[in-house]
Trainee: 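Take a look at the following structure, please.
Here is the naming used below: chain letters follow the sequence lines, and residue numbers restart at 1 for every chain.
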There are 2 protein chains.
Amino acid sequence: MNETPHRILVVDDEPSITEFVSYALKKEGFFSDVVDNGEDALALASKNSYDLFILDIMLPGMDGYELCRRLRSKTTVPVLFLSARDTELDKVVGLEIGGDDYLAKPFGVRELIARVRALLRRGSGGDFPGASHAITASNITLDEDAHTASGEHGEIELTPREFELLASLMKNAGKVVSREDLLRDAWGWEYLTETKTVDTHIKRLRDKIESAGYDPALVETVRGYGYRFKA
Amino acid sequence: MNETPHRILVVDDEPSITEFVSYALKKEGFFSDVVDNGEDALALASKNSYDLFILDIMLPGMDGYELCRRLRSKTTVPVLFLSARDTELDKVVGLEIGGDDYLAKPFGVRELIARVRALLRRGSGGDFPGASHAITASNITLDEDAHTASGEHGEIELTPREFELLASLMKNAGKVVSREDLLRDAWGWEYLTETKTVDTHIKRLRDKIESAGYDPALVETVRGYGYRFKA
DNA sequence: ATAAATCGTACGTAATTCGCAAAACGTGCT
DNA sequence: AGCACGTTTTGCGAATTACGTACGATTTAT
């Protein structure tokens, strides 16, 4: 489907975040290295060549801004900042320094991937216009650009959570997705929500699928493991 | 779609600006090289041939004026100056020296592109007659040259901001555009304004669409993600 | 100087999310 | 077959969040 996979360097000291990010990146076919401090980041950056840097603003020792400044003195590779929420001021500072985009925690996989794609696109080539990001399975098409899910009977009206949930299931159509994975995909990391809550949303999702004229059994439950979208 | 893409050389030392400019240019189908100082600019300019120069006035070492003078001694290629806001005086100086146009920060994508097009048109043949820059969707046509939006019930009177907003939405008709993207497209600078402000302008836009006899629901809101122009 | 346009804040309303608790279901065992 | 146990479904109300709208302050254009 693609050419050479993009290489991404992730710099963050919180393991829960790096795990989440690198997991998401890998799943989308990106290559990523992870380090937890600025010094190692600089060392790696000069050894290997990356297509994108993802930096947390808060880092032990050299902070994200400083790191960005140093990276920028050598290269023109795009930078995506991560930061704790509600730090409005940081936005301006980060972008002035040369960060290309900014993502406030908590963020979800889809949002992260979208930004990463956008930044990589900016750098080189870009994907073709009309390369719509859509998934189709069992006569349902989920269009990520338009944020719609539809089939022969028309559109299925979904709330954000339901949409993310369906997206995660359909991306893995035919495979079981655990409640934990669903939480990760549709909610984002560090969301201390009960895995039980997934069940509730699955119900609402099935309800809407049914009332839109489709088969609610498209979302199969795999007892003891999770859910699966019928392939 | 087009013949040979125009080549543009961007000279600015602020990465956030060069990113923004080259991104905007690429999106419109132009080719751009970026350098952050006058010396490199001269070197590149004598090696390659460009159709337009975009110069920041404030540059480390040789400033934009000086650079313009030197470029002008060799070629007749048009020059577009960029400068920090509120530097009214620069305008005169820049244009006297041989700059062909002038753009004060902060500027928006569309404004930038408009000037670039105008300058390129001046220089060579101009873009083909009839290559009108118009977008049509759902029976509304937005003419970027004339700066008008109209349909079967006549014209929709819009303020500049509303026009940019509608343009951004219509360019992505059928796709959701986030408030952040709208800010970037219609305002030009990311993060300098509140995303909530977008809502206000959307309302005003819908009001005008409605009072002009069209359906305000053409601008759909996609809860949790942004807005979408009905395809 | 006057009018137009822009921007942000405040607040009401409606949509969405969440998790408990009870009911329904599936499974294995006797 | 019937029972017991764990799992999933479902209903429902409370808390949260997003959106629309109004309004006033500020900036910009004429």
Trainee: Between A:E162 and A:T159, is any side-chain donor less than 3.5 angstrom from a side-chain acceptor?
Mentor: yes

Trainee: For DNA chain D, which residues of residues 165-182 of chain A approach it to below 4.0 angstrom with any heavy atom?
Mentor: A:R179

Trainee: Show me the pairs that pass ring-ring contact (aromatic ring centres under 6.0 Å, His included) and involve residues 193-224 of chain A, at least two apart or across chains.
Mentor: A:H153-A:Y214, A:W187-A:H201

Trainee: According to a strict under-4.0 Å criterion, is A:Y227 in side-chain N/O contact with OP1 or OP2 of D:dT9?
Mentor: yes

Trainee: For A:E155, check side chain to side chain contact (heavy atoms under 4.5 Å, CB included) against everything at least two apart and list the hits.
Mentor: A:T148, A:S150, A:E157

Trainee: Going by the rule ring pair (Phe, Tyr, Trp, His ring centres under 6.0 Å), which residues pair with B:F30 if we only count those two or more places apart in sequence or in a different chain?
Mentor: none

Trainee: Does A:T200 have any side chain to side chain contact (heavy atoms under 4.5 Å, CB included) partners at least two apart in sequence or in another chain, and if so, which?
Mentor: A:R204

Trainee: C:dA4 C1' sits how many Å from B:F163 CZ, rounded?
Mentor: 18 Å

Trainee: What is the separation between atom CG on A:D199 and atom C1' on C:dT17, rounded to the nearest whole Å?
Mentor: 15 Å

Trainee: Using a 3.5 Å cut-off and no angle test, enumerate the donor-acceptor pairs between side-chain atoms of residues 221-231 of chain A and protein atoms at least two apart in sequence or in another chain.
Mentor:
residue : atom : partner : partner atom : Å
A:Y227  : OH   : A:R179  : NH2          : 3.2
A:Y227  : OH   : A:D199  : OD1          : 3.4
A:R228  : NE   : A:E220  : OE1          : 2.9

Trainee: Hey, could you give me the CG/CD1 distance between A:L169 and A:I202, rounded to the nearest 0.5 Å?
Mentor: 5.0 Å

Trainee: Specify the angle, to 10°, made by the local axes at the two ends of the helix from C:dA1-D:dT30 to C:dT30-D:dA1 when five pairs are taken at each end.
Mentor: 40°

Trainee: Please state how far atom CZ in A:R206 lies from atom P in D:dT10, giving the value in whole angstrom units.
Mentor: 7 Å

Trainee: For the atom pair CD1 (B:I57) and CG (B:D63), what is the distance rounded to the nearest 0.5 Å?
Mentor: 8.5 Å

Trainee: Please identify each residue that fulfils side chain to side chain donor-acceptor pair (under 3.5 Å) with A:D207, with sequence neighbours left out.
Mentor: A:K203

Trainee: Contact list please: residues 211-222 of chain A against DNA chain C, heavy atoms, distance less than 4.0 Å, in numerical order.
Mentor: none

Trainee: Not counting sequence neighbours, which residues clear side chain to side chain contact (heavy atoms under 4.5 Å, CB included) with A:E144? List them please.
Mentor: A:R110, A:H133, A:I135, A:L142, A:K171

Trainee: Atom CD1 of A:I209 and atom P of D:dT9: how far apart are they, to the nearest Å?
Mentor: 13 Å

Trainee: Does the protein touch nucleotides 7-16 of chain C at the base, only the backbone, or not at all? Give it as B, S and - per nucleotide, heavy atoms under 4.0 Å.
Mentor: SBBB----SS

Trainee: Side chain to side chain contact (heavy atoms under 4.5 Å, CB included) with A:K27: which residues, sequence neighbours excluded?
Mentor: A:Y23, A:N172, A:D185

Trainee: Give the rounded distance in Å between these two atoms: NZ of B:K203 and C1' of D:dC23.
Mentor: 12 Å

Trainee: Is the closest basic N to carboxylate O distance between B:E66 and B:R69 below 4.0 Å?
Mentor: yes

Trainee: Rounding to a whole Å, what distance do you find between A:D207:CG and D:dT8:P?
Mentor: 18 Å

Trainee: Any donor-acceptor pair under 3.5 Å linking the side chain of A:D143 with the backbone of A:A146?
Mentor: yes

Trainee: Grab the two heavy atoms, one from B:L67 and one from B:A41, that are nearest each other, plus how far apart they are.
Mentor: CD2-CB, 4.0 Å

Trainee: What is the distance, to the nearest angstrom, from the CD1 atom on A:I202 to the P atom on C:dT17?
Mentor: 13 Å

Trainee: Could you say whether A:E162 or B:E162 is positioned toward the 5' end of DNA chain C, judged by the nucleotide with the nearest heavy atom to each?
Mentor: B:E162

